[in-house]
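Letters A, B, ... mirror the listed sequences (proteins, then strands); counts begin at 1. No hydrogens, no waters, no symmetry mates; every other heavy atom, side chains included, goes into these values.
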Protein chains: 2
Amino acid sequence: MDVMNNLKRVGLKSTLPRLKVLNIFVSEAGQHLTAEEVYKRLLADGEDIGLATVYRVLTQFEQAGLLSRHHFEGGKAIFELHHGEHHDHLVCLQCGRVEEFYDEEIEKRQKQIAEQRGFRVQDHALYIYGDCTKTDCPHRS
Amino acid sequence: MDVMNNLKRVGLKSTLPRLKVLNIFVSEAGQHLTAEEVYKRLLADGEDIGLATVYRVLTQFEQAGLLSRHHFEGGKAIFELHHGEHHDHLVCLQCGRVEEFYDEEIEKRQKQIAEQRGFRVQDHALYIYGDCTKTDCPHRS
DNA sequence: GTATATGCAAAACTTTTGCATCCTT
DNA sequence: AAGGATGCAAAAGTTTTGCATATAC
């Protein structure tokens, strides 16, 4: 009921495809998925939803502020649940793990820099790419 | 002669397409171009170079460290001359202007954050998107 | 019942690749 | 002369769109 309310709140009808897609992001914390990955999960769950619909729904969710879209290295768009607070990303080049962080100091400096140069900041994206040294990093390149 | 030496230095034959492409980036400072834009400039200059070659040359230049590739919002890859020093980007959403900046404080914080979380930093990208208030901003959306 | 959403297939776009030909060394 | 580079066309990969049908309210 909560998820459906989310949809109504942003002016979208509560349809099955939209509920299922939203559920994928809500059900497991901190997921960063491409459209194709969302589509595959739906298929794996036995849902009969077209890839075109997935793209449409993802775009609607982004416009509604439910998801945010990122462009990491690699060209494909990646979506994640948009929790109110802004945050940036640490991406492991070995295993694809994505961690989020927020640093007040960096935020402050960015604002200062933009203002100094006469830019009104709308948005920003900071991606740090590296190798995580987690013991479970599968190093699948 | 300087440009040609650049190519030889990185182990690439000095061919006409490569010289022309490199010249586009060298001839005007601070350009950030998509493959398509590079291709159009070549055509405008009367060069008969295929788009496939442009893509191949851009990729080679990136691997050779002459150019760097970015993924701003919008999905297309954007290339710029790779001057040794790392820097980040301010992008105007109205006119597409791109300004570069470097901030020691931000760099330092990033490193700290990554290390805290067990990441060995390979690379990072910081894009600030906003509206520049320059008088010549054509606001062409 | 009406407006909107979906599925499918086709299209649009960006980027890559195969192959015959051409150019650099 | 030999190997690598280019152009063209075709393919591959991602995302969008047209249209008839199905669904939510």
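Closest contact between the side chain of B:Ser14 and the listed nucleotides D:dT6, C:dT25, D:dT15 involves C:dT25. Among C:dT6, C:dC8, D:dA9, the nucleotide with an atom closest to any side-chain atom of B:Ala52 is D:dA9. Among the nucleotides C:dT17, D:dT15, C:dT15, the one closest to any side-chain atom of A:Lys76 is D:dT15. In this structure, of C:dT14, D:dT15, D:dA5, it is D:dT15 that holds the atom nearest to the side chain of A:Ala35.
Rounding to whole angstrom units, CD of residue A:Glu37 and P of D:dT14 are separated by 10 Å. Rounded to a whole Å, the NZ atom of B:Lys40 is 11 Å from the P atom of C:dC13. Here the P atom of nucleotide D:dT15 and the CD atom of A:Glu36 are 9 Å apart, to the nearest Å. One can place NE2 of B:His71 at 7 Å from P of C:dT15, the figure rounded to the nearest angstrom. As rounded to whole Å, 13 Å separates atom P of C:dT6 from atom CD of A:Glu47. A straight line from NZ of A:Lys20 to P of D:dT23 spans 15 Å, rounded to a whole angstrom. For the pair B:Gln60 CD and C:dT16 P, the interatomic distance rounds to 12 Å; values are reported in whole Å.
Side-chain N/O atoms of A:Thr15 include one lying less than 4.0 angstrom from OP1 or OP2 on C:dT6.
Ion pairing between B:Glu105 and A:Arg109 fails under the 4.0 Å rule for side-chain N and carboxylate O.
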| query | Could you go step by step and tell me if B:Val38 and B:Phe79 meet the side-chain contact (heavy atoms from CB on, under 4.5 Å) rule? | reply | CA-CA 9 Å; B:Val38 170; B:Phe79 297 83; 6.0 Å; no
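Residues A:Glu107 and A:His124 meet the side-chain proximity criterion, which asks for heavy atoms closer than 4.5 Å. Between A:Leu7 and A:Leu66 the shortest side-chain heavy-atom distance falls below 4.5 Å.
When each of B:Ala77 and B:Leu16 is assigned the nucleotide of DNA chain C bearing its nearest heavy atom, the one mapping closer to the 5' terminus is B:Ala77. Both B:Lys13 and B:Arg56 sit near DNA chain D, but only B:Lys13 has its closest nucleotide nearer the 5' end.
Across every non-hydrogen atom of B:Val54 and B:Ala35, the tightest pair is CG1-O, 3.7 Å.
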